[in-house]
Each structure stands twice: as structure tokens, then as C-alpha cells.
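Heavy atoms only: backbone and side chains are in, while hydrogens, waters and symmetry mates are out. Letters A, B, ... mirror the listed sequences (proteins, then strands); counts begin at 1.
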Amino acid sequence: MNETVTDSAPDPAPDSAPDSASDNDSSREARAALFRAHATARFRLDTAEAARLAATLRPEHRMGHLLFQVCLFAQVVFDEYGTAPDPGDLAELTETLHRKHYPKDRNFTAIKAEAMIRAVCDESLLLTEIPQAEQPGYMWAVMNELVRPDATDADLAERFEVAEEVGPDLLKQAFEQTIAAPVKEASA
Amino acid sequence: MKPEQLHRRHLTALIAGDHDTAANLRKHFGRTDHDTAVQFLRAATAVSLEYRFGPGAGLGAGPIDYDELAAFMSELRRTCEGAEPPPDYLAVEAAIRALYGEPHLIEPLQRQQHSQALYLALTAQTRRHPWIAANPEWVLDRAKHTSLIWLLS
């Protein structure tokens, strides 16, 4: 996940890249600020501003942005439903989302929004069945339904902080559950 | 061939897994026959699903037993493991739940997508209950009955 290292670099030692450390820090901060500004605009239903900010995202940050949004989304979901949502409650939300979005957007498939919720609870498999490019749209449909657009800045800031913190943990967990799992078993 | 006969033969071929015959019969389809075929397939699927999720599929039953649905879906995912491209499992779930009180779930589905989802659910049931496939006439009669109720309501 180190963005400064490329396969074509003749000398991959991180130290050899000029100013790599300070560049990384400032660009990481700028990226985090951009993710937050974009999320704020989406929470506030300011679609024009959200679209403008999204357009300034660098392609290599797309995956990181998705991860940030997934963490934000997971939090909103846990706050509302806990880790084991009642299927009846979800079905109700799914119908509400369908009535709200489908009349304007005939591609809006409400069951995918519901599947995103279940994906961050205990059906992570569903994350592999919804195209990644579609995931943010469905997550925001859910978040905008569950978080009031007039939530305070402090409330949003708290959510952003948690999302930034759990992101790397989430990645590490996913990694351990897949690639690192056999190693763990062998050493246990 | 009368439309009724055409659709019965088409659905019989589908239940038997005879895709060549089904494709040949579809060559005789007129403008509205594709929609009719999906409705008839949906009715037959509803009949078959009653043996898993209880009576009244498509006729007012619901909500579905979500645990039983999750079990059904994970069986289906195991059966279709390795299929490339993979089936649209969420569409299958939508098609089934739509028959048990959540009809809005299939509104965004394309006709083809819906029909493939229904067919996956139907074949899952005929695999589990071979007598369904062994008695297509009986399935068709019941499906006809369900389709009529849909048409009239």
C-alpha cells in the first residue's frame, strides 16, 4: 500500500526518493482533508460540491476513498442496527429507499443498498457481488437516510476520526482472514 | 400453435432443462410473448418455492423466513461455485422475496435478469425435489392458476 514505491523504480529503497517522508505526510493530510470535505458535502446533501470534490480525487486514491467510505458507512450502520440487524427492519428500510430513489433513478436497485448493510455486518461476501463502482452510491443512499443532513460538525468530525482510525485495522483484519490465515493456524 | 400451447411447451422445456427446444420455441414468440413467458415462469417458480418457504407464494404470503432464505442462498452459492460469470445472486434473492410480500424488489430488474433469477430458483427446487420436474403438467396447471389470479387482480 506504499504509494511511493513503483515496480519500475530502479532503486526501490524508500530513502532514495527525494523528500518522500514529508511529501507523504502532507499529501496524506491533504487526502484525508479531501475525503472529509467530500463526505461532509454528501452528508449535507450538497451534491454539486460533492461532485466537484470527487472530481479532484486522484485516481490512485480511489481505493482509499472507497475504504474510508466503507468505514464511515459501517459506523452509521452499527449505530443504527448494531452488528446483527433484524431482517425485518432492513426490509423496511429497503422499501423506503426504493420508494425514495427508484422513481427518479430506474437503475436504483434497493436490494443492493440492503446488501451493503449486510456486507458490513456478517455477510462480507456480498461486498464481492456488488460492483465496487456502485458501492459508494448505495452506501450514501443508506447514510443519507440514517443521518440527518443537519448533523453537527462535531458529530461528523467524530465519525471521520473513527473512520480514519479503523480503516487500517479493517484492512489488516481482512488481510489476516485471507492471506495470513494459514500461517496463523500453523503457528497456533 | 396457440399461444397457450406455445407457452406450456416452452415452460415444459425449461423445467426439463431442454434449452435447445426452449430457444426454438422462442423463435415463434410475438411482441408480448416474452413478458408472458416471464410471468408464467414466475408462477411456476412460485409453485416450486412453496415447498421451501411455505404456501401462498405470489398470492399474498410473506414476509419470508429470512433464516430459511439465507440457508437457501448459501446452498445456491455452493452449487454455483466457480461459475463464470457468477450468477446474479442478489437478483435471485429479490425474485424470491418479491413472491413473499416484497414485490418492489423486482421493479428495477431487467426482464432477462428477472427471468434468469427465477430460473435459478426454480432449478434449485427441481434439483432438491426431482418429482417437481417429473410432473411438469401438474406444475403448469398450478402455475396457470396463479397467473390467472395475477391477471385478474
Side-chain angles (χ1 to χ4, degrees), chain A residues 70 73 77 80-142 144-145 177-178, chain B residues 35 42 49 52-54 57-58 60-118 120-121 124:
Chain A
V70 169
F73 174 72
V77 168
E80 180 77 19
Y81 296 108
T83 51
D86 175 67
D89 291 346
L90 289 189
E92 208 173 291
L93 177 79
T94 303
E95 182 167 7
T96 305
L97 290 173
H98 175 76
R99 306 250 172 270
K100 184 172 166 186
H101 295 280
Y102 181 68
K104 287 172 287 174
D105 173 8
R106 294 277 150 169
N107 287 320
F108 186 88
T109 310
I111 198 166
K112 289 186 182 174
E114 181 190 303
M116 283 305 296
I117 298 181
R118 286 157 46 191
V120 297
C121 291
D122 61 351
E123 294 180 70
S124 62
L125 138 99
L126 292 173
L127 275 181
T128 69
E129 293 181 6
I130 302 168
Q132 289 189 335
E134 294 181 19
Q135 292 181 8
Y138 288 112
M139 289 192 286
W140 282 109
V142 172
N144 287 142
E145 192 59 32
Q177 273 168 16
T178 52
Chain B
D35 284 328
R42 182 168 190 242
L49 288 173
R52 179 85 188 227
F53 301 109
I64 201 163
D65 177 335
Y66 288 102
D67 290 337
E68 194 58 36
L69 177 63
F72 178 90
M73 291 308 299
S74 79
E75 284 165 29
L76 186 64
R77 283 188 171 91
R78 263 202 305 279
T79 308
C80 302
E81 182 78 63
E84 285 176 358
D88 188 345
Y89 296 109
L90 284 172
V92 176
E93 192 182 317
I96 297 175
R97 282 167 61 179
L99 288 166
Y100 284 88
E102 299 181 71
H104 51 278
L105 292 181
I106 50 168
E107 283 178 35
L109 301 189
Q110 309 288 324
R111 185 177 61 206
Q112 175 96 345
Q113 197 185 9
H114 187 201
S115 129
Q116 282 172 356
L118 288 167
L120 266 170

At their closest point, which heavy atom of [X] faces which heavy atom of [Y], and how far apart are they?
X        : Y        : answer
A:Phe73  : A:Met116 : CE2-O, 3.3 Å
B:Phe72  : B:Ile96  : CE2-CD1, 3.4 Å
B:Leu120 : B:Cys80  : CD2-SG, 4.2 Å

Next on the checklist: So for A:Glu114, is it side chain, backbone, both, or neither that comes closer than 4.5 Å to the heavy atoms of chain B?
Outcome noted: side chain

Checklist entry - Is B:Glu81 salt-bridged to B:Arg77, cutoff N-O under 4.0 Å? => result no

Next on the checklist: Looking at A:Lys100 and A:Glu95, is there a salt bridge between them, counting it only when a charged N and a carboxylate O are closer than 4.0 Å?
Outcome noted: no

Item to check | Check: A:Asn107 main-chain N/O paired with A:Thr109 side-chain donor or acceptor under 3.5 Å | outcome: yes

Checklist entry - Is the side chain of A:Tyr102 donor-acceptor paired with the backbone N or O of A:Leu97 at a distance under 3.5 Å, no angle test? => result no

Checklist outcome for this item: So, the part of B:Leu105 with a heavy atom under 4.5 Å from chain A: the answer is side chain

Checklist entry - In terms of heavy-atom proximity below 4.5 Å to chain A, should B:Glu107 be classed as side chain, backbone, both, or neither? => result both

Checklist entry - Can you tell if the side chain of A:Ile111 reaches within under 4.5 Å of the side chain of A:His98, non-hydrogen atoms only? => result no

Item to check | 4.5 Å side-chain heavy-atom contact, B:Val92 and B:Pro87 | outcome: no

Checklist outcome for this item: Listed by number, the residues in residues 130-142 of chain A that come under 4.5 Å of chain B (heavy atom to heavy atom) are A:Ile130

Next on the checklist: Sub-4.5 Å heavy-atom contacts with chain B: which residues of residues 81-92 of chain A show up?
Outcome noted: A:Pro87, A:Gly88, A:Ala91

Checklist entry - Given A:Glu129 and A:Lys112, is the side-chain contact (heavy atoms from CB on, under 4.5 Å) satisfied, shown in steps? => result CA-CA 9 Å; A:Glu129 293 181 6; A:Lys112 289 186 182 174; over 6 Å; no

Next on the checklist: Test side chain to side chain donor-acceptor pair (under 3.5 Å) on B:Gln113 and B:Asp88; report intermediate values, then the result.
Outcome noted: CA-CA 8 Å; B:Gln113 197 185 9; B:Asp88 188 345; 2.9 Å; yes

